Participant: 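Once you've had a glance at the structure underneath, I'll fire off some questions.
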There are 2 protein chains.
Amino acid sequence: MVINDRERPVPAVTIADVARLAGVGESTVSRVLRRSGSYSEETRDKVLRAVSALGYVPNRIAGALASTESDLVALIVPSLANIVFPDVLRGASVALESSGFQSVIGVTDYEEAREEDLIASVLAWRPRALILAGLEHTDRSRAMIAASGVRVAEILDLDGQGIDHVVGFSQHAAGRDTARHLVGRGRRRLAYLGIRLPGDSRARKRHEGFLAGLAEAGLSPADQELVPAPSSAEAGRIGLATLLARTPDLDAVYFVNDDMAIGGYFHCLAEGITVPDRLALFGFNGLEVGQALPQPLSTIRTPRYRAGEVAAGLLLAQAPATVVDTGYELVPGATS
Amino acid sequence: MVINDRERPVPAVTIADVARLAGVGESTVSRVLRRSGSYSEETRDKVLRAVSALGYVPNRIAGALASTESDLVALIVPSLANIVFPDVLRGASVALESSGFQSVIGVTDYEEAREEDLIASVLAWRPRALILAGLEHTDRSRAMIAASGVRVAEILDLDGQGIDHVVGFSQHAAGRDTARHLVGRGRRRLAYLGIRLPGDSRARKRHEGFLAGLAEAGLSPADQELVPAPSSAEAGRIGLATLLARTPDLDAVYFVNDDMAIGGYFHCLAEGITVPDRLALFGFNGLEVGQALPQPLSTIRTPRYRAGEVAAGLLLAQAPATVVDTGYELVPGATS
DNA sequence: TTGAAAGCGCTAACAT
DNA sequence: ATGTTAGCGCTTTCAA
């Protein structure tokens, strides 16, 4: 630890200073800076000169208060611990930043109560719009949103009733399609490997869809295991080892996500378990790294970036409440 | 695409409404809500009852304007495309959210000019503090920061002069230590595999450090390759294939990061190249997935979460300008 | 303990 | 084309 030396000035250039230096009225400065209304070329130059001479930075807090609208968009996500939600943020922020909006983010850790708190504090900033993950929210969250009149986009889920815009796909269907795919390839002894994270409603819906898909074929899971959160490759390795120790004759495992499935694949590599002949592995998300494995992972590729992008687009366009099914892509890969 | 049906009310409960309903003055409501000044138990109850009856949500825009201080902290990062910066955000946002601060984020795509624009727009919100990646910024960025008087933390680099707080480690030293490690293990035909991303000054510094480390041992790189951005496992596979095609007798490759190195490892698996006997692989970052490989990746584990956490902590504590060397950990692993 | 009143720095009519 | 003047919804003296 070293101490930097540093002065701390406390300036405060306001629009009045700029107006004075430029020899014009405050509203004229405001017009020039916002390119609204009309002003002469000459006035504009005077103003801009004054702005840069003073190093004036407009105060959006005052601007937002006066105009009663902000350029803030709030994004509240469950987690930043794997690449899924950063991908969503990326898609949204490209759209938002190119339109001059600012992103305010919050992380719920998959807890509805935490989400509620974040919604409350973020609404205090009167954001132009709100992006949330999933369709499950507390009653108070819904009430606050309704009372504020803020536009909302809920993303990455389609199984339920939305508040305003909904952009995503059916998690249930994804789970069911996975079961159908594996059963279609002749698998009969299937297991599910998830994590203990009650707040992850999307994972729960996939799981339910998977069981429904098995039931369609008259099957029930040969085994199931939930390892402690967070999901990780290491957790996938361990979880698969546990499953196989308990139920050696499994012929397929559905992992809650690719991170876990990749770990499962490594377990097979290390133990000499032939994939997919002896055991099929199936993930979820379609992460890049899974596709670079010696055998590309069988998985469902989800439109995360696109969901963020589309949600932001609807919000920016002030579109009427819309439901967009972005779909997903089942990637057969080489592990099933 | 389906249209949700939805009403759009436009309420506007203000502190005046609360004051009226509670039968007290506005300033009393303000005091109760901010737990500042003094008020009777009874008054407090009346106010809180009115607040919940009306569903009042304080307007922080007005509050920030009146008090000339916001609870916003801005984080400007180069990218969200791999887990490195989300980890930083995670560390920072835990610290910030628990103190009631809001995170505003911006993504520069590794471009200083973009960073400058983001700094300008974010400063318009008069944030309490600013977290930036690295020490390289445009002159105008520095000028705006100085003029605004905002506190700053620059993270993940220590090689250069900081503006205010600096939290990170020497990227140059990390590259140099990697060279020393590989040379120490008897490697003599070393290559560097990076990506074409001129704005990534931290990667550049590692690369320079690596070359310096080789030079110490009287060596120069046997080959070098830069593949097009972004970095990915697939890019690592391809890059390694390219290197080996051109320089078959390499005995070690230093990858710009773990994502790339993991792809390189997969290439070796697929091609039957014995690691580390025939070829040593070394990455950077210490990603979880790399440690779950059948052979844990040799790499340098970087304190990303911690950097965000420490930076936020210094900022929240209003500490005097401080330089914190968080260090890094060389993980020998099994691929070198 | 509480209320009145003056801003915070800007935008949005409304004049001119 | 440009200036004047009210606010926007709070916080903060300052009195009472």
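The shown structure was predicted, so the numbers you read here are calculated from the model rather than taken from an experiment.
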Participant: Would you check if S103(B) and V73(B) make a side-chain contact, meaning some heavy-atom pair closer than 4.5 Å?
Facilitator: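 No; the side chains remain at least 4.5 Å from each other.
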
Participant: Sequence neighbours excluded, which residues qualify as side chain to side chain donor-acceptor pair (under 3.5 Å) partners of R304(A)?
Facilitator: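 Side chain to side chain donor-acceptor pair (under 3.5 Å) check on R304(A) returns D87(A), T302(A).
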
Participant: For S27(B), which contact category applies under a 4.0 Å heavy-atom criterion: base, sugar-phosphate, or nothing?
Facilitator: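 Base contact.
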
Participant: For R142(A), give me all partners under side chain to side chain donor-acceptor pair (under 3.5 Å), at least two apart in sequence or on another chain.
Facilitator: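 Not a single residue meets the side chain to side chain donor-acceptor pair (under 3.5 Å) criterion with R142(A).
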
Participant: Would you grab the first and last nucleotide of DNA chain C (5' to 3') that comes under 4.0 Å of any non-hydrogen atom in chain A?
Facilitator: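 Using the under 4.0 Å cut-off, the span is dG9(C) to dA13(C).
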
Participant: Work out how much the helix from dT1(C)-dA16(D) to dT16(C)-dA1(D) bends between its end axes, five pairs an end, to the nearest 10 degrees.
Facilitator: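 The angle separating the two end axes equals 30°.
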
Participant: Indicate yes or no: at least one non-hydrogen side-chain atom of L48(A) is less than 4.5 angstrom from one of L33(A).
Facilitator: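 Side-chain contact under 4.5 Å: yes.
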
Participant: Mind checking side chain to side chain donor-acceptor pair (under 3.5 Å) for S70(B) and listing every partner two or more places apart, or none if nothing turns up?
Facilitator: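 Not a single residue meets the side chain to side chain donor-acceptor pair (under 3.5 Å) criterion with S70(B).
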
Participant: List the residues meeting salt bridge (charged side-chain N to carboxylate O under 4.0 Å, His left out) with D17(B), not counting sequence neighbours, and say none if there are none.
Facilitator: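 D17(B): salt bridge (charged side-chain N to carboxylate O under 4.0 Å, His left out) contacts with R20(B).
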
Participant: Contacts to DNA chain D from residues 32-42 of chain B, heavy-atom cutoff under 4.0 Å, which residues?
Facilitator: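 Per residue number, the list reads R34(B).
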
Participant: What pairs meet the salt bridge (charged side-chain N to carboxylate O under 4.0 Å, His left out) rule with one or both residues in residues 31-47 of chain B, with sequence neighbours excluded?
Facilitator: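 As it turns out, there is no salt bridge (charged side-chain N to carboxylate O under 4.0 Å, His left out) pair with a partner in residues 31-47 of chain B once direct neighbours are skipped.
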
Participant: Would you mind telling me which residue lines up with the more 5' stretch of DNA chain C, I15(A) or R31(B), judged by nearest nucleotide?
Facilitator: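 Comparing both residues, the 5'-ward one is R31(B).
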
Participant: Could you give all pairs that pass the salt bridge (charged side-chain N to carboxylate O under 4.0 Å, His left out) test and reach residues 49-68 of chain A, with sequence neighbours left out?
Facilitator: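 Passing the test, one end in residues 49-68 of chain A: R60(A)-D71(A).
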
Participant: Scan for salt bridge (charged side-chain N to carboxylate O under 4.0 Å, His left out) pairs involving residues 112-140 of chain B, sequence neighbours excluded, and state none if there are none.
Facilitator: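 Passing the test, one end in residues 112-140 of chain B: E97(A)-R114(B), E69(B)-R128(B), E116(B)-R140(B), E136(B)-K205(B).
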
Participant: Quick one: are I76(B) and I105(B) in side-chain contact, heavy atoms under 4.5 Å?
Facilitator: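 I76(B) does not reach I105(B) side chain to side chain.
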
Participant: First locate atom CG of L75(A), then atom CD1 of I131(A), and finally report the distance between them rounded to the nearest 0.5 Å.
Facilitator: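 Going from the CG atom of L75(A) to the CD1 atom of I131(A) covers 4.5 Å.
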
Participant: Would you say that L132(A) contacts I145(A) through its side chain, given a criterion of any heavy-atom pair below 4.5 Å between the two side chains?
Facilitator: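 Result yes, sub-4.5 Å side-chain heavy-atom pair found.
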
Participant: If I take atom CD1 from residue I155(A) and atom OG1 from residue T326(A), how far apart are they, to the nearest 0.5 angstrom?
Facilitator: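 Reported value, rounded in 0.5 Å steps: 9.5 Å.
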
Participant: Between R202(A) and D157(A), does any NZ, NE, NH1 or NH2 come within less than 4.0 Å of an OD or OE carboxylate oxygen?
Facilitator: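 Looking at R202(A) together with D157(A), the answer is no, because their closest N to O distance does not fall below 4.0 Å.
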
Participant: For DNA chain D, which nucleotides open and close the run of contacts to chain A, 5' to 3', at under 4.0 angstrom from a non-hydrogen atom?
Facilitator: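 That gives a stretch of dA1(D) to dG9(D).
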
Participant: Both T68(B) and V29(B) contact DNA chain C. Which one's nearest nucleotide lies toward the 5' end?
Facilitator: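 Upstream on the strand: V29(B).
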
Participant: Which of residues 50-61 of chain B sit near DNA chain C, with a heavy atom under 4.0 Å from it?
Facilitator: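 Within residues 50-61 of chain B, no residue comes under 4.0 Å of DNA chain C.
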
Participant: Between the side chain of S98(B) and the main-chain N/O of V94(B), is any donor-acceptor distance below 3.5 Å?
Facilitator: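 Checked: pair present.
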
Participant: Specify the residue among E69(B) and A62(B) whose closest nucleotide of DNA chain D lies further upstream toward the 5′ end.
Facilitator: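 With E69(B) and A62(B) compared, the 5'-side residue is A62(B).
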
